[in-house]
Amino acid sequence: MKLANAFGLWTELSLALQTALIPTMKDVWKKPATIAHLSRTFMAHAWIAFASQVDANARTVKRELFLPNATGVVLDIGAGLGHGVQYLDHSKVTKYVAVEPNIRMHPELRKTAAAAGYLESNGTLVILGCGAEEIMTILESLGSTMHAVDTITSVMSMCSIPSAEEALRALVRHVLKPGGQLLFYEHVLSPRKDVAWWQRFWAPMWQIFYDGCRLDCPTDIWIGNLVDSDDNGETVSIWSERKLWGVPGETEETVFHHVLGKFVKRESRMIS
Ligand SMILES: C[S@@+](CC[C@H](N)C(=O)[O-])C[C@H]1O[C@@H](n2cnc3c(N)ncnc32)[C@H](O)[C@@H]1O
Ligand SMILES: *[C@@H]1O[C@H](CO)[C@@H](O)[C@H](O)[C@H]1NC(C)=O
Ligand SMILES: *[C@@H]1O[C@H](CO)[C@@H](O)[C@H](O)[C@H]1NC(C)=O
């Protein structure tokens with residue numbers, strides 16, 4: 001891997017520092033307790049400045065993935081400022097459930113959702129201030145019904161979930177309906193050894209600034225390996241369909257190795 005590529009993330013980081021450092025320090029000055037959520041505060045300022053650009057860069061692939069596929073009740077993991085709602089077809093998506101633990105992002109998230117026709121006042125929008133790993137809170141907010149969600153979406157958020165593998169397993173098993181879909185656009189651990197080395201090298205530093213975001217999560221592999229038991233009690237893949245592909249034109253030599261995924265959960269066991 002060329003050193004310039006290995007160090008490429010410093011361009012982003014220095015831009016983020018220029019933009020978000022002073023506002024973060026001001027927040028701490030105004031409210032010293034902010035110090036306990038420094039990374040989250042920094043992330044909010046940085047994301048408010050850069051999210052639209054990051055979103056625009058991937059508009060085509062996100063449109064192709066989400067617009068035709070997402071249906072029914074959609075649970076968006078790490079909804080951020082609500083950019084994902086723009087890729088939902090209002091005639092097919094009845095409810096937008098946005099999981100976003102960074103409450104500084106909620107006002108903007110609410111505005112974006114409203115512009116797309118999703119409102120808390122008529123029950124088409126639910127904003128949850130918990131993390132995606134807080135399965136009980138998510139289930140309770142959906143009326144404690146298991147398998148209440150038709151589509152789970154995630155755009156560059158799975159990397160920030162603590163114990164993500166376990167959380168994803170629980171979300172798919174308990175929250176996603178049989179026959180439901182998991183649609184994602186994520187940066188993951190690269191299959192290239194040299195790139196993966198740099199991802200592991202930078203991961204501890206990067207997560208300090210970006211609220212726990214890890215550059216070295218093999219999220220796509222964790223998802224692909226999820227299992228369930230079939231009618232005979234045998235262990236089988238939880239998926240009936242697995243599609244995983246890369247971003248056309250993206251260089252292999254990047255620590256932000258992106259993948260797109262469309263996974264469909266097996267139908268439930270037959271009741272005999
Ligand atoms: C890179 S941003 C992406 C936001 C949005 N999906 C988008 O595409 O604009 C990552 C988001 O994950 C959120 N996040 C952090 N920890 C999380 C957790 N434990 N569960 C769910 N989301 C989390 C962050 O607050 C942030 O909004
Ligand atoms: C779903 O997403 C895939 C991949 O982007 C796309 O090829 C397909 O046309 C979409 N629609 C349906 C209904 O599967
Ligand atoms: C909720 O309100 C929005 C905005 O007026 C509208 O687009 C949507 O169709 C309404 N949905 C329901 C179920 O009433």
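Whatever order the structure lists them in is the order used to number ligands and atoms, beginning at 1.
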Around atom CE of M205, are there more than 12 heavy atoms of other residues, nucleotides or ligands at under 6.0 Å?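 Atom CE in M205 is packed in, count exceeds 12.
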Which atoms of ligand 1 are found less than 4.0 Å from any heavy atom of E133? 18 (C), 19 (N), 20 (N)
Contacting atoms of ligand 3, where contact means under 4.0 angstrom from a heavy atom of T124: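 Every atom of ligand 3 under 4.0 Å from some heavy atom of T124: 11 (N), 13 (C).
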How about W206 and F256: are their ring centroids closer than 6.0 Å?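 That pair passes the under 6.0 Å test.
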What is the closest protein heavy atom to [atom], and at what distance does it sit?
{"atom": "atom 10 (C) of ligand 3", "answer": "N122 ND2, 2.5 Å"}
{"atom": "atom 7 (O) of ligand 3", "answer": "G117 O, 3.8 Å"}
{"atom": "atom 4 (C) of ligand 3", "answer": "L119 CD1, 3.6 Å"}

With a cutoff of 4.0 Å, is A51 in contact with ligand 1, counting heavy atoms of the residue only?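 Not so, A51 does not reach ligand 1.
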Between Y87 and D55, a side-chain donor and acceptor under 3.5 Å: yes
Have E186 and S154 got a donor and an acceptor in their side chains that come within less than 3.5 Å?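 Indeed, the side chains of E186 and S154 share at least one donor-acceptor pair under 3.5 Å.
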Any N or O on [X] sitting closer than 3.5 Å to an N or O of ligand 1?
{"X": "V155", "value": "yes"}
{"X": "K62", "value": "no"}
{"X": "A132", "value": "yes"}
{"X": "E100", "value": "yes"}
{"X": "G78", "value": "yes"}

With the threshold set at 4.0 Å, does a side-chain nitrogen-carboxylate oxygen contact exist between E253 and K2?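 Not counted as a salt bridge, because no side-chain N and carboxylate O are separated by less than 4.0 Å.
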Take the angle between the ring planes of W198 and F201 and call it parallel below 30°, perpendicular above 60°, tilted in between.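 Perpendicular, since the angle between the ring planes exceeds 60°.
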